[in-house]
Structure formats: C-alpha cells, structure tokens
Amino acid sequence: QVQLVESGGGLVQAGGSLRLSCAVSGRTFSRYAMGWFRQAPGKEREFVTQIGGYGHSTNYAVSVKGRFSISRDNAKSTVYLQMNSLKPEDTAVYYCAASSRFGASFPYEYDYWGQGTQVTVSA
C-alpha cells in the first residue's frame, strides 16, 4: 500500500514563497510519476505540475509556470513543490499524487493521493 503525506502548507502574503513536501511510502517510488493538484473552494480540481519517473518529463499549468517548480529526491522518497511569487488565486488545498506510469498529467492516471495541505495567500 502506497501512502502520501503532504506538509509545508500555511498562510503567506502575496509575493511570498512556500515549499510543500510529499513523503511517499513504497518500494517503487523512483519510477512513479508524481503530480501536484489543487482545489479551491467551489472550483474543480486543477492540475498544477508533474514530474516523471526518475525525474524526467516535467510540465506545469500555465497559471503557475515560471513561479512554481517541482523536484524529487528519490533517495528520500519525497517530492517537493517550490512556490514563489504567490498570488491570492493560488489559495487552495494542494494534493500530491503518485502514478504507476512514468509520466502523467491527468487525474485518472494517478493511483494514489495524499490528504492535502492548505495554502492560503493573503492580499
């Protein structure tokens, strides 16, 4: 059974930065594609970014490209989301997810999900 635990969320002023972490259990972490999604109140779940197995094939939503960066440490079985220049519209619950595929950008491609961490950006 694969488990994902997010951490690092909190309250930050617009223009500030946060780094989210997602610790992943399991023996095959390095080959998993890892993604970050977010969901704001009253809105649908939104793709944020993903990184392919072994660190290949990253991509970002247009809304965060240039501000957010995903990375992974396979030795620590952890994926990170560095968020810079945060905006109030970034406020959401952020979820990490793992896919048995080498690359994945859609929710249906992900097999495991974390419980989420709240990010709130004040104006």
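One hydrophobic cluster, built from ILVMFWY side chains closer than 4.5 Å, holds both V79 and V2. With hydrophobic clusters built from ILVMFWY side chains whose heavy atoms lie under 4.5 angstrom apart, Y110 does not share a cluster with Y80.
Note that the OG atom of S77 and the CG atom of L4 stand 10.5 Å from one another [nearest 0.5 Å]. One finds the OG1 atom of T78 at 12.5 Å from the CG atom of L20 (value rounded to the nearest 0.5 Å). Note that OG of S25 and CD of Q3 are 5.0 Å apart. Values are rounded to the nearest 0.5 Å. How far CD1 of I51 is from CZ of F102: 14.0 Å, rounded to the nearest 0.5 Å. Rounded to the nearest 0.5 angstrom, D73 CG and S30 OG are separated by 11.5 Å. For the atom pair CZ (F68) and CG (N84), the distance works out to 8.5 Å, reported to the nearest 0.5 Å.
Contact check for L81 versus T49: side-chain heavy atoms found under the 4.5 Å cut-off. Here the side chains of R38 and F47 are not in contact, with every heavy-atom distance at 4.5 Å or above. Between N59 and Q50 the shortest side-chain heavy-atom distance falls below 4.5 Å. Residues E46 and S63 form a side-chain contact, since some pair of their non-hydrogen atoms from C-beta on lies under 4.5 Å apart. Using a 4.5 Å heavy-atom threshold, the side chains of R67 and D90 count as touching.
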For a side chain to side chain contact (heavy atoms under 4.5 Å, CB included) check, start with the C-alpha distance between S17 and Q82, then their side-chain angles and the critical distance, and finish with the verdict. CA-CA 8 Å; S17 298; Q82 179 66 47; 4.0 Å; yes
In sequence, state the C-alpha distance, the side-chain angles, and the governing distance for V119 and T91, and then conclude on side chain to side chain contact (heavy atoms under 4.5 Å, CB included). CA-CA 5 Å; V119 172; T91 295; 5.9 Å; no
Go through the steps to decide whether S99 and Y32 satisfy the test side chain to side chain contact (heavy atoms under 4.5 Å, CB included), and finish with yes or no. CA-CA 5 Å; S99 174; Y32 285 0; 6.0 Å; no
Passes side chain to side chain contact (heavy atoms under 4.5 Å, CB included), R72 versus M34? Steps please. CA-CA 8 Å; R72 66 192 298 159; M34 297 294 302; 3.8 Å; yes
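Here the closest heavy-atom approach between residue Q118 and residue V93 is recorded as OE1-CG2, 3.3 Å. Annotation for N74 and F29: closest pair OD1-CE2, 3.2 Å, computed over non-hydrogen atoms. When every heavy atom of V48 is checked against every heavy atom of V64, the shortest pair comes out as O-CG2, 3.6 Å. The minimum heavy-atom distance linking Y60 with I70 is given by the pair OH-N, 3.0 Å.
If you check the side chains of S100 and D111, you find a donor sitting under 3.5 Å from an acceptor.
For Q115, the CD atom is loosely surrounded, since the number of other residues' heavy atoms within 6.0 Å does not exceed 12. Within 6.0 Å of CD in E89 there are more than 12 heavy atoms belonging to other residues, nucleotides or ligands.
For the pair R45 and Y95, the cation sits on the ring face: its NZ or CZ lies under 6.0 Å from the ring centre, inside 45° of the axis.
Sequence neighbours left out, the pairs with a member in residues 17-120 that pass disulfide bond (SG atoms under 2.5 Å apart) are C22-C96. For residues 28-83, no pair satisfies disulfide bond (SG atoms under 2.5 Å apart), with sequence neighbours left out.
Aromatic pair F37/W113: centroids less than 6.0 angstrom apart.
No donor-acceptor distance shorter than 3.5 angstrom exists from the side chain of T117 to the backbone of E6, with no hydrogens or angles considered.
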